[in-house]
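Note sheet for the following structure.
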Amino acid sequence: MKILVLNCGSSSLKYQLFDMTDESVLAKGLVERIGIQGSRIKHNRASDEPTIRETDIPDHTFAIKLVLEMLLDSKSGVLKSLDELGAVGHRVVHGGEKNDRSVLVDESVIKDIEDCTYLAPLHNPANLMGIRAMESAMPGVPNAAVFDTAFHQTMPPKAYLYGIPYRYYQKDKVRRYSFHGTSHAYVSSRAAVLLGKPAESLRIITCHLGNGSSITAVDRGKSVDSSLGMGTTPGILMGTRCGDVDASVILYLLEREGDPKRVSDIIHKESGLLGISGISSDLRDVQDAALKGDSRAMLASDVLCESVKKYIASYAAVMSGVDAIVFTAGIGENSDYTRREIVRGLEFMGVRIDDSKNDGLRGKEAFINADDSKVKIMVVPTNEELMIARDTMRLAGK
Ligand code: AMP
């Protein structure tokens with residue numbers, strides 16, 4: 001079966017086409033600047049050079065029409081007919097409390113996604129546009145919704161409740177949801193395979209460290225705590241998001257700036273690595289500047305490493321121990337320096353890195369712990385698209 005995976009943002013659309021007989025990627029691409037001047041599609045077939053087409057792309061329906069044309073194109077295409085497409089999997093950011101797993105889309109699922117829009121106002125409407133556009137382009141082909149929040153729905157109330165009056169949870173479902181669930185699910189299950197043990201026997205801490213980041217405690221295959229929250233700013237320091245801050249700081253900013261929208265921009269777009277360093281939200285730029293002696297860049301990198309270290313230690317406490325720590329996403333997969341600084345000082349917990357295995361390791365599955373380390377330390381590149389394709393195939397095959 002061939003499965004198309006779509007990740008729709010408000011002005012962009014990423015896609016990958018999988019052949020599920022061997023889980024290979026036949027083609028992938030990106031539509032950018034939907035509804036904005038200068039829109040274009042960049043399409044890659046396996047290892048070919050990308051095909052780029054610049055054209056007006058007024059909306060998601062048109063974007064999807066272009067994607068399907070590219071997939072069928074006699075030169076850049078990989079399909080002879082759209083009949084080969086078995087199903088479409090959509091990344092959907094928020095599924096609320098109701099959706100604890102991936103589902104086939106019907107009208108009640110669409111209503112659930114709409115109902116969760118107040119929790120993900122930027123993402124859910126864009127995800128819905130993709131679903132609607134696909135339904136009209138290919139009626140009868142099943143669409144599956146794979147939620148970023150679903151994996152974390154196993155968190156117990158003691159992990160997801162905030163210490164504010166309970167009525168806000170009862171009435172408005174104000175609680176921790178956390179995100180990147182598809183990534184945490186993928187890397188924790190892959191880690192279990194690499195460890196040669198059933199996921200149900202392992203306590204794993206997964207560190208998804210990218211531009212957006214989250215840490216998850218995966219206890220015997222289930223998420224029991226995770227560092228993002230009702231929104232996407234808490235937890236560790238991110239590219240432009242602030243990570244954990246005292247609620248009083250937000251109240252202070254509100255008083256000082258006098259405008260909630262302005263404060264929202266500060267904590268989402270002007271904080272994190274960028275906010276502290278004043279240089280960049282990209283860790284490579286920040287660490288380059290730190291190497292040249294920039295003290296604020298050094299501080300930004302230090303705050304990031306320290307915040308991850310604290311989450312690892314506290315999640316080990318949550319699970320009464322830890323068998324493996326897994327690093328993934330842009331920073332986790334590529335930055336040997338950051339991995340080393342994070343685990344430095346955790347030797348008391350039985351965590352010992354082997355510098356010769358860690359140094360220079362980029363984007364590859366590997367164990368980087370010392371042979372005598374009680375806790376395994378692993379790098380596992382994430383693959384959210386494959387996880388979405390697998391869920392979609394399972395649902396569509398039923
Ligand atoms: P992602 O959001 O997963 O694409 O991750 C983006 C982040 O990964 C950015 O902060 C990049 O600077 C960071 N990153 C990618 N490669 C490296 C590297 N070799 N060293 C340090 N950071 C890296």
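Because the structure is predicted, anything quoted here is derived from the model rather than measured.
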Salt bridge present between Asp323 and Arg203 (N-O < 4.0 angstrom): yes
Salt bridge (Lys or Arg N to Asp or Glu O under 4.0 Å) assessment of Lys111 paired with Glu114: CA-CA 5 Å; Lys111 180 163 184 320; Glu114 278 167 355; over 6 Å; no
Enclosure of Gln170 CD (heavy-atom neighbours >12, cutoff 6.0 Å): yes
Proximity of His152 and His180 rings by center, below 6.0 Å: no
Main-chain N/O of Gln287 paired to Tyr337 side chain as donor or acceptor, under 3.5 Å: no
Side-chain ion pair, Glu84 and Lys80, N-O less than 4.0 Å: no
Aromatic Tyr160 / basic Arg176 pairing, under 6.0 angstrom, 45° off normal: no
Evaluation steps, side chain to side chain donor-acceptor pair (under 3.5 Å), between His208 and Ser183: CA-CA 8 Å; His208 177 111; Ser183 174; 2.8 Å; yes
Side-chain touch Glu365/Leu194, heavy atoms, less than 4.5 angstrom: yes
Glu23/Arg390 ion pair, N-O < 4.0 Å: yes
Verdict with reasoning, His43 to Tyr15, per side-chain contact (heavy atoms from CB on, under 4.5 Å): CA-CA 9 Å; His43 173 87; Tyr15 62 94; 2.6 Å; yes
Check against side-chain contact (heavy atoms from CB on, under 4.5 Å), Asp372 and Arg352: CA-CA 8 Å; Asp372 63 352; Arg352 289 210 332 114; 2.9 Å; yes
Distance in Å, Leu283 CG paired with Asp288 CG, rounded so as to fall on 0.5 Å steps: 9.0 Å
Backbone of Ile113 reached by a side-chain donor or acceptor of Asn124 within 3.5 Å: yes
Spacing of Ser24 atom OG and Asp22 atom CG [to the nearest 0.5 Å]: 3.5 Å
Lys/Arg N to Asp/Glu carboxylate O, Glu54 vs Arg33, below 4.0 Å: no
Residues Lys42, Glu32: salt bridge by 4.0 Å N-O rule: no
Side-chain (Ser178) to main-chain (Leu228) donor-acceptor, under 3.5 angstrom: yes
Cationic N near anionic O, under 4.0 Å, Glu270 to Arg262: yes
Audit row: Arg53, Glu69, salt bridge (Lys or Arg N to Asp or Glu O under 4.0 Å) steps and yes/no: CA-CA 12 Å; Arg53 206 159 120 198; Glu69 269 175 36; 3.4 Å; yes
Atom of Ser281, atom of Asn211 and distance for their closest heavy-atom approach: O-OD1, 4.0 Å
Distance-only donor-acceptor check, side chains Asp282 and Ser280, under 3.5 Å: no
Spacing of NZ belonging to Lys75 relative to CE belonging to Met70, to within rounding of 0.5 Å: 11.5 Å
Single-linkage hydrophobic cluster Val25~Val78, side-chain heavy atoms < 4.5 angstrom: no
Polar side-chain atom of Arg220 near backbone of Ser201 as donor-acceptor pair, under 3.5 Å: no
Results of side chain to side chain contact (heavy atoms under 4.5 Å, CB included) for Val303 - residues two or more places apart only: Leu237, Ile276
Centroid-centroid distance, Tyr177 to His94, less than 6.0 Å: yes
Aromatic ring pairing Tyr311/Tyr315, orientation class (parallel under 30°, perpendicular over 60°, tilted between): perpendicular
Validation row: Val375, Ile325 side chains within 4.5 angstrom (heavy atoms): yes
Flag, side chain of Asp219 to backbone of Lys222, donor-acceptor distance under 3.5 Å: no
Co-membership, hydrophobic cluster, residues Leu386 and Val326, 4.5 Å side-chain: yes
Short side-chain to backbone donor-acceptor contact, Asp244 and Gly235, under 3.5 Å: yes
Set of side chain to side chain contact (heavy atoms under 4.5 Å, CB included) partners for Lys357, sequence neighbours left out: Asp354, Ile368, Asp371
Hydrophobic cluster membership, Leu17 vs Met20, 4.5 Å side-chain cutoff: no
Straight-line distance of Asn358 CG to Phe327 CZ, nearest 0.5 Å: 8.0 Å
Test log, rule side-chain contact (heavy atoms from CB on, under 4.5 Å), inputs Ile204 and Val322: CA-CA 6 Å; Ile204 301 178; Val322 53; over 6 Å; no
Short side-chain to backbone donor-acceptor contact, Ser76 and Asp73, under 3.5 Å: no
Ile312/Ile342 under side-chain contact (heavy atoms from CB on, under 4.5 Å): CA gap, chis, key distance, verdict: CA-CA 9 Å; Ile312 290 176; Ile342 288 169; 3.6 Å; yes
From CG (Leu82) to CG (Leu72), nearest 0.5 Å: 4.5 Å
Distance-only side-chain donor-acceptor flag, Asn143 / His90, under 3.5 Å: yes
Joint cluster assignment, Ile236 & Val318, ILVMFWY side-chain distance < 4.5 Å: yes
Verify same cluster id: Phe18, Met138 (apolar side-chain graph, 4.5 Å): no
Short side-chain donor-acceptor distance under 3.5 Å, Glu347 and Ser373: no
Heavy-atom donor-acceptor pair, Thr328 side chain to Thr382 backbone, under 3.5 Å: yes
Tyr169 vs Glu97, side chain to side chain donor-acceptor pair (under 3.5 Å): CA-CA, chis, key distance, verdict: CA-CA 11 Å; Tyr169 170 63; Glu97 273 196 329; 2.6 Å; yes
CA sep, side-chain torsions, deciding dist, call: Arg132, Glu107, salt bridge (Lys or Arg N to Asp or Glu O under 4.0 Å): CA-CA 11 Å; Arg132 290 284 194 212; Glu107 280 309 308; 3.4 Å; yes
Evaluation steps, salt bridge (Lys or Arg N to Asp or Glu O under 4.0 Å), between Arg340 and Asp336: CA-CA 6 Å; Arg340 188 176 64 237; Asp336 47 5; 5.6 Å; no
Under-4.0 Å salt bridge between Lys2 and Asp19: no
Donor-acceptor contact present, side-chain Arg190 to main-chain Ala185, <3.5 Å: no
Any donor-acceptor N/O pair, Asn369 side chain to Lys376 backbone, under 3.5 Å: no
Value rounded to 0.5 Å, distance of CG in Asn44 from CG in Leu26: 12.5 Å
Any side-chain donor near an acceptor of the partner, Ser214 and His184, under 3.5 Å: yes
Residue pair Leu119 / Met230, side-chain heavy-atom distance below 4.5 Å: yes
